[in-house]
Amino acid sequence: MDIESVRCACCSLKEDCTQEYIDNVKGNFGGKWLCGLCSEAVRDELSKHRSSQDGIEEAVKAHMEFCRMPLSSPAVRVADGMKEMLRRRSGDKRRPATPSKAHPA
């Protein structure tokens, strides 16, 4: 199996993957390759709207915009978003969502 480096279309994180895996991910996200964290964030967005293929493209676009916000590095914002998603899924209502402090890039 050949391993290839590929960069996430949202957060620019680089991963080493097989071509088969890359093609599979691209097939799920409108031809864009997303890392595991961004894939989960987009799936979470889709689960809120129960949308079709157009919904996938809109969810990917929204997450790409989120990753480009100038508050901190994309990886930190993705991690913060995943933390919020997991908190919502676990039903943790004890603490309100608070924006993350800006981290140096």
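Keep in mind that the numbers below use all heavy atoms, side chains included, and drop hydrogens, waters and symmetry copies. This is a predicted model, so every value here is computed, not measured.
When the side chain to side chain donor-acceptor pair (under 3.5 Å) test is applied to E40, the partners found at least two apart in sequence or on another chain are R43. Not a single salt bridge (Lys or Arg N to Asp or Glu O under 4.0 Å) links R7 to another residue, sequence neighbours left out.
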Take C10 and C35 through the test side chain to side chain contact (heavy atoms under 4.5 Å, CB included) and record every step on the way to the result. CA-CA 8 Å; C10 293; C35 70; over 6 Å; no
Show your reasoning for whether side chain to side chain contact (heavy atoms under 4.5 Å, CB included) applies to M64 and K32. CA-CA 11 Å; M64 288 174 83; K32 293 186 174 33; 3.8 Å; yes
Take E58 and K61 through the salt bridge (Lys or Arg N to Asp or Glu O under 4.0 Å) test and state the conclusion after the steps. CA-CA 5 Å; E58 288 300 313; K61 182 180 174 183; 5.1 Å; no
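To the nearest 0.5 angstrom, L46 atom CG is 11.5 Å from H63 atom NE2. Here CG of N28 is found 7.0 Å from CD1 of I56. Values are rounded to the nearest 0.5 Å.
With a 4.5 Å cut-off on side-chain heavy atoms, E45 and V60 do not count as touching. Counting heavy atoms from C-beta on, the side chains of M82 and D44 never come closer than 4.5 Å.
Between E15 and G36 the shortest heavy-atom distance is OE2-N, 3.7 Å. Of all heavy-atom pairs between L13 and W33, the closest is O-CZ3, 4.4 Å.
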Would you give me the side-chain donor-acceptor pairs under 3.5 Å for residues 16-25, sequence neighbours excluded?
residue: D16; atom: OD1; partner: S5; partner atom: OG; Å: 2.5
residue: T18; atom: OG1; partner: Y21; partner atom: N; Å: 3.2
residue: Q19; atom: NE2; partner: D23; partner atom: OD1; Å: 2.8

